[in-house]
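The next block holds one structure in the form of structure tokens; read it before the comments.
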Amino acid sequence: TPPDMFLAALFMFALYAVKSIAFFLPLMAIQVAVGLYFPTPAALIVNFVGIAIEINIPYFLGRKLGFDSADKLTKKFPKLGEMLEGDGSRWYIAYILRALNMLPFDLVSMYLGSLKYPYLTYFSGSMVGAAFGVLSATLIGRSLTDPTSPTFIIACAISLTLSGLSCLIYYKMTHKKDKANADKN
């Protein structure tokens, strides 16, 4: 019923808000649960609003905490610093960090906020980058009860492809960096 759906959506938004400051909650599990519970159009809306919540809270926390927190984050999570080294547009960096999903959303958001990334650039790049992951997780949830369905198989294939691309790009980045360091010596 509509009141139940509304309350369920509010609960999921609260869960996204908690996830945005608690690194331990798995984002995909929330998205799959939304896909399982809500009809597909409503699930997509709930998950995209949830992602907007998820990327905004830590962004503004990072912005408030400032650059010192960025230094601490890169020391604690060196992969984050590696991803952000080099040239590239800020929109593309926000996009690729979400599209490849190699690092926790909340960590990336806090870091980019602490670097004072322009908000609209950060937000639009993040939302576009997260779109395939949100879509695939929602469809996995929607078709979870029928794992032989084409929807489930295609959604899993998209998710696995994104994961594979993440690993490949990370390998190429670290291999390129290792090679550059070897050439210096």
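- No side-chain heavy atom of Phe132 sits under 4.5 Å from any side-chain heavy atom of Thr161.
- Of all non-hydrogen atoms in Tyr37 and Ala8, the two that sit nearest each other are CE2-CB, 3.4 Å.
- More than 12 non-hydrogen atoms from other residues, nucleotides or ligands lie less than 6.0 angstrom from CZ of Phe48.
- Residues Ile57 and Tyr16 have side chains not in contact (no heavy-atom distance under 4.5 Å, counting atoms from C-beta outward).
- The shortest distance between side-chain heavy atoms of Val49 and Met12 does not fall below 4.5 Å.
- Of the possible polar contacts, one joining the Arg142 side chain to the Phe38 backbone as a donor-acceptor pair under 3.5 Å is found.
- Interatomic distance, CG of Leu135 versus CD1 of Ile140, reported as 10.0 Å (0.5 Å rounding).
- Ile55 is listed as a side-chain neighbour of Arg98, based on a closest heavy-atom distance under 4.5 Å.
- Val134 and Val32 sit in two unconnected hydrophobic clusters of ILVMFWY residues. Membership requires side-chain heavy atoms under 4.5 Å apart, directly or through other members.
- In terms of heavy-atom proximity, Ile158 sits nearest to Ser136 at CG2-CB, 3.8 Å.
- Interatomic distance, Leu115 CG to Arg90 CZ, rounded to the nearest 0.5 Å: 7.5 Å.
- Between atom OG of residue Ser126 and atom CD1 of residue Ile96 there is a gap of 12.0 Å, rounded to the nearest 0.5 Å.
- Between the side chain of Gln31 and the main chain of Thr138, no donor-acceptor pair closer than 3.5 Å is present.
- The two residues Ser124 and Trp91 have their closest heavy-atom pair at OG-NE1, 2.9 Å.
- Using modelled atom types, one side-chain atom of Lys116 and one backbone atom of Arg63 make a donor-acceptor pair closer than 3.5 Å.
- The minimum heavy-atom distance between Asp106 and Ala22, with the atom names listed, is OD2-O, 3.8 Å.
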*Is there a side-chain hydrogen bond (donor to acceptor under 3.5 Å, both in side chains) between Tyr122 and Asn56 once you walk through the steps?*
CA-CA 10 Å; Tyr122 160 79; Asn56 275 301; over 6 Å; no
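- In terms of heavy atoms, Asn47 sits closest to Ile30 at OD1-O, 4.3 Å.
- How far OG1 of Thr121 is from CG of Leu112: 11.0 Å, rounded to the nearest 0.5 Å.
- By the rule that hydrophobic residues join a cluster once side-chain heavy atoms approach within less than 4.5 Å of another member, Ile51 and Val108 end up as members of one cluster.
- Under the 4.5 Å side-chain heavy-atom criterion for grouping Ile, Leu, Val, Met, Phe, Trp and Tyr, Met110 is connected to Ile93 within one hydrophobic cluster.
- Within 6.0 Å of the CZ atom in Phe60, the count of heavy atoms belonging to other residues, nucleotides or ligands exceeds 12.
- Phe11 and Leu36 are members of different hydrophobic clusters when ILVMFWY side chains are connected at heavy-atom separations under 4.5 Å.
- A side chain to side chain donor-acceptor pair (under 3.5 Å) check over residues 148-157, counting only residues at least two apart or in different chains, returns the pairs Asp146-Thr148.
- Ring geometry, Phe123 versus Tyr119: the interplanar angle falls under 30°, so the pair is classed parallel (tilted spans 30 to 60°).
- Within the model, atoms CD1 of Ile153 and CG of Leu160 stand 12.0 Å from one another, a figure rounded to the nearest 0.5 Å.
- Hydrophobic cluster membership is shared by Phe13 and Met127, with clusters built from Ile, Leu, Val, Met, Phe, Trp and Tyr side chains linked at under 4.5 angstrom.
- When all heavy atoms of Ser20 and Ile53 are compared, the pair lying nearest together is CB-O, 4.3 Å.
- Put simply, the side chain of Leu139 does not reach to within 4.5 Å of the side chain of Ile154, judged on heavy atoms.
- Interatomic distance, Leu97 CG to Ser109 OG, rounded to the nearest 0.5 Å: 9.5 Å.
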